[in-house]
Amino acid sequence: MQLDLLGDFTRSHRNGELRLSHAGETVRLLGWCKRARNLGSLIFIDLRDRWGVVQLVADETQVAPELLTKLKAVRSEFVLAAEGVVAEREAKNPNMATGDVEVRLSALRILNTAQTPPIPVDDVPEGGADASEDLRLKYRFLDLRRPSLQRNLILRSEAANLVRNYFRKHDFIEFETPILTKSTPEGARDYLVPSRVHPGEFFALPQSPQLFKQLLQVSGFERYIQICRCFRDEDLRADRQPEFTQVDIEMSFVRQEDVQAILEGLMVELAALVGKPAPTPFPRLAYQDAMEWYGSDKPDTRTPVRLQDLTELFAVSDFNLFRAAAESHGQRRVRALAFAGEAAGAMSRKQLDELQEVAKQLGAGGLPYAKWGKDGLSSSFKKFITPELEAALKAKLDGAAEGLVVFAVGTDDATSKVLGELRLRLSRQFGLIDESRFDFLWVVDFPLLEWSEEAGRFVACHHPFTSPHPEDLDLLDTDPGKCRAVAYDLVLNGYEVGGGSIRIHDALTQSRMFRALGIGEAEAREKFGFLLDALSYGAPPMGGLALGLDRLAMLLCGETSIREVIAFPKTAQARCLMTDAPSPVDPRQLRELKIQTAQPAQYRAGVMFFETVPIEAQAPLQALRHMTATAAQKQTSTLTMDGEVLRVETSNLGGPSFDFE
RNA sequence: GGGGUUGUAGCUCAGUCGGUUAGAGUGUCGGCCUGUCACGCCGAAGGUCGCGGGUUCGAGCCCCGUCAGCCCCGCCA
């Protein structure tokens, strides 16, 4: 098809902004054909740009023949430049922002054609089905043409802009810190970048600019902000990508409350972007209480349901499993969730079985329950429920006649994990969560250290530069697991949207911390020498926080996956379906980097046929069958037959080759 | 690393107990149509049932393996 040139065509209006007040004006519009409707001698085209959609119309009896020919050639997603007069519609469309008007075409340029899209470009109408996510990711450039994704990414841009302005207003200075930096032993797995200039040595992509922002405090900038990309080579989730964006801030001469106050101001403005109130100050909840009441360090407080400790109710019970917990002196506890109401009481056996599966997957042995429905009590341990126990349990339903109590027994870690998840699921199922709300919350007083079985030592809960709680300083040497940190997480609707801490700002405490972490003097010098140096040259008291911009944008947009607010996200297997990255590289590139990849072993297999296998040949044949890949490169088998020696050179065996583990 | 789930027309899906020529909606293409806007009506084209083995007289369906998407556990200072 002959394409038209853009030439001297300039846009006069955006498609979404045309209203009745524009009637009579001649306008020039640009965009994509959302849909062409040809009614014979009357043709409609919906023209889309990022600001909206407007209807173009042409009447066969009124327009020039060459314009008509062009119009009939227009297909979905063609790129058009249109000129016409805005007119009030005969038949208005109340569902469109521009539905009162249409543009009577006087001229049309087809700037480009388009193949039929492999996925629907328009948002799916009600009841319709979306394209599968792998296709959407493969054709992301088309997916991103959809109004809903455009809205998300535009809102994200607005949010990022608001963040920049907010911090600038508060005297923060924006910095850029290195992307090629040093690998650090703590924390997530690093993405590594080989150095060509220094063969055998590697940069790491930053997991966060943590140390750099602290050094900028030592330099005296006092207030730092960066909207930066961070990289962690760990497995993905719906709210986790290998590269993600942090709003990273750091401040000098501040206490925890100062950092929280400035963040709350920002959250109020961000929430207002989408018309949500966010009353300040946000509630503060100690980590201990969060785990005790919600079974989570990022509780969704939109549901009022709390975990309860019912251990004592079973102190004299015949139910051994629960009584054993009561006798364990707090090592194990019986904890429970109570849901009052008919919906909870009407849970079917099948639903409870499904719930039990969820509990098992989270590590529970099963899911004991007690349920009061239309037919009275039913329970997985009914024979152990005495009338007194039933009364005590039912009291947890706050006087309701029907309801459900689910139990978990075990260590606090185990019961928190199970009940924390069930609390969310069941609250959602029973409609206890007000989805319209934005519930902000600070979780504070995190532990400083936790024991790692894998590492065989204590590791930092937040990071190794987090200040111990002043009251707990001595515990660092005597009982490190009990030592609290001056660390705080910002939680929104059950998502951790940010986390930060007050930092250690003197070399002595930092060395103590490294010691508690089992990082020796020599290792500390090698990995963090520059930090220890900096701390010994007049570092101010400092603290900060990092916000997950992707998660925040996701929540602002009302989405449940951060892929919906990232232009080009990766799959759950950390692959880009559009570019097909990662991919093998040219061997020359590897040679320059002095890097060798571990090739899957090539193993050649041949087939030999014997009418009979002589007894003396059986052993070597067995050897062949069990030959490993490495052995195959050297091993030679000897077969003796009819007195003749037959050497089987495995390295010369012909035929197809296969990869083996 | 582990568990769950999905894979059939361009797209979204159905496909019974293993049995004739694998269907629907939508999209696409062609024809008709002057008020459509999820346009309507008529017609047509469109299939490596993810891939590879196996069982069977016969496999979209059963078995084994494998690849990919999604969700979760581990992991993510």
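- Side chains of A/D445 and A/Q288: a donor-acceptor N/O pair is absent below 3.5 angstrom, by distance only.
- Checked by atom type, the side-chain pair A/R335/A/S416 shows a donor-acceptor distance below 3.5 Å.
- Phosphate contact (OP1/OP2 of B/U36, side-chain N/O of A/R37, threshold under 4.0 Å): absent.
- You won't find any donor-acceptor pair under 3.5 Å spanning the side chain of A/E357 and the base of B/G3, going by distance alone.
- Under 4.0 angstrom from either OP1 or OP2 of B/U6 there lies no side-chain N or O belonging to A/S132.
- Residue A/A238 is classed as a sugar-phosphate contact, given heavy-atom separations below 4.0 Å to backbone atoms only.
- A/K417 has a side-chain polar atom (N or O) that falls below the 4.0 Å cut-off from OP1 or OP2 of B/G74.
- Phosphate proximity of B/G69 to A/T571: present, with a side-chain N or O under 4.0 Å from OP1 or OP2.
- Considering only the side chain of A/S76, B/U28 comes nearest among B/C37, B/C72, B/U28.
- One can place CZ of A/R428 at 13 Å from C1' of B/C71, the figure rounded to the nearest angstrom.
- Looking only at atom types and distance, the side chain of A/R425 has no donor-acceptor partner in the side chain of A/S427 under 3.5 Å away.
- For A/F244 and A/F231, the gap between ring centers reaches or exceeds 6.0 Å.
- Aromatic ring centres of A/F514 and A/F528 lie closer together than 6.0 Å.
- Minimum atom distance to the side chain of A/R104 is reached by B/G35, of the listed B/C73, B/G69, B/G35.
- Nearer to the 5' terminus of RNA chain B, by closest-nucleotide assignment, is the contact made by A/Q62 (compared with the other of A/Q62 and A/D46).
- Residue-level contact check: A/T184 touches neither bases nor backbone, having no heavy atom under 4.0 Å from any strand.
- Nucleotides B/G23 and B/A44, compared at atom P, are 14 Å apart to the nearest Å.
- One side chain, A/Q210 or A/H463, offers a donor N or O that lies under 3.5 Å from an acceptor on the other.
- Using a 4.0 Å cut-off, some side-chain N or O of A/R75 falls inside it from OP1 or OP2 of B/C29.
- Within 4.0 Å of A/P118, counting heavy atoms only, lie sugar-phosphate atoms of the nucleic acid but no base atom.
- What separates NZ of A/K72 from P of B/G30 is a distance of 12 Å, to the nearest Å.
- The nearest heavy atom of RNA chain B to A/P120 and to A/A91 marks one nucleotide each, and the one closer to the 5' end goes with A/P120.
- Counting to the nearest Å, the P atom of B/C37 and the CD atom of A/E88 are 19 Å from each other.
- When both distances must be under 3.5 Å, the Watson-Crick or G-U wobble mate of B/U26 is B/G10.
- Relative to the side chain of A/Q361, the nucleotides B/G1, B/G35, B/G4 differ in distance, and B/G4 lies closest.
- Counting atom types as modelled, A/R232 pairs no side-chain N or O with a base atom of B/C76 as donor and acceptor under 3.5 Å.
- A donor and an acceptor atom sit less than 3.5 Å apart, one in the side chain of A/T61 and one in the base of B/U34.
- Within the 4.0 angstrom heavy-atom criterion, base atoms lie near A/L39.
- No contact: A/L236 has no heavy atom under 4.0 Å from any strand.
- Separating the CG atom of A/N93 from the P atom of B/G35 is a distance of 16 Å, rounded to the nearest angstrom.
- Side-chain contact of A/S208 with A/Q246: a donor-acceptor pair under 3.5 Å is absent, judged by distance alone.
- Look at the P atom in both B/A59 and B/G18: the space between them is 14 Å, to the nearest Å.
- The same atom, P, is picked in B/G60 and in B/G19; the two are 10 Å apart, to the nearest Å.
- Of the C1' atoms belonging to B/G15 and B/A22, the separation is 8 Å, rounded to the nearest Å.
- As rounded to whole Å, 14 Å separates atom P of B/G40 from atom CG of A/N38.
- Across the P atoms, B/U21 and B/C49 are found 16 Å apart, a figure rounded to whole Å.
- Within 3.5 Å, no donor on the side chain of A/D134 pairs with an acceptor on the base of B/G7, nor the reverse.
- Here the side chain of A/E17 pairs a donor or acceptor atom with the backbone of A/R14 at under 3.5 angstrom.
- One atom, CZ of A/R237, and another, P of B/G3, lie 15 Å apart when rounded to the nearest Å.
- The side chain of A/R563 places an N or O atom within less than 4.0 Å of a non-bridging phosphate oxygen (OP1 or OP2) of B/C71.
- Under the Watson-Crick or G-U wobble criterion, with both distances below 3.5 Å, B/C70 is paired with B/G4.
- A distance of about 8 Å separates the C1' atoms of B/C33 and B/C41, rounded to the whole Å.
- Residue A/R146 contributes atom CZ, which lies 15 Å from atom P of B/C11 at whole-angstrom precision.
- Applying the Watson-Crick and G-U wobble criteria (two distances, each under 3.5 Å), B/G65 pairs with B/C51.
- A/Q510 and A/R515 share no donor-acceptor pair across their side chains, judged by distance under 3.5 Å alone.
- When the nucleotides B/U34, B/C11, B/C76 are ranked by their closest atom to the side chain of A/E234, B/C76 comes out on top.
- Comparing the same atom, C1', in B/U8 and in B/G50 gives a spacing of 10 Å after rounding to whole Å.
- Taking the C1' atom of each, B/A45 and B/U26 are spaced 15 Å apart, rounded to whole Å.
- Remark: C1' of B/U12 and CZ of A/R136 are 14 Å apart, rounded to the nearest angstrom.
- Heavy atoms of A/E102 sit under 4.0 angstrom from at least one base atom.
- Between the side chains of A/S583 and A/D580, not a single donor N or O lies within less than 3.5 Å of an accepting N or O.
- Base pairing of B/G19: its partner is B/C57, meeting the Watson-Crick or G-U wobble criterion (both donor-acceptor distances under 3.5 Å).
- Comparing B/C39, B/U34, B/C72 by their nearest atom to the side chain of A/R35 picks out B/C39.
- Note on A/R89: every side-chain N or O is 4.0 Å or more away from OP1 and OP2 of B/G35.
- Side chain A/E60 to base B/U34: no donor-acceptor pair is found below 3.5 Å.
- In this entry B/C39 has no Watson-Crick or G-U wobble partner, no candidate having both defining distances under 3.5 Å.
- Counting non-hydrogen atoms under 4.0 angstrom, A/E133 reaches the backbone sugars and phosphates but no base.
- Nucleic acid contact for A/K92: base, since at least one base atom lies under 4.0 Å from a heavy atom of the residue.
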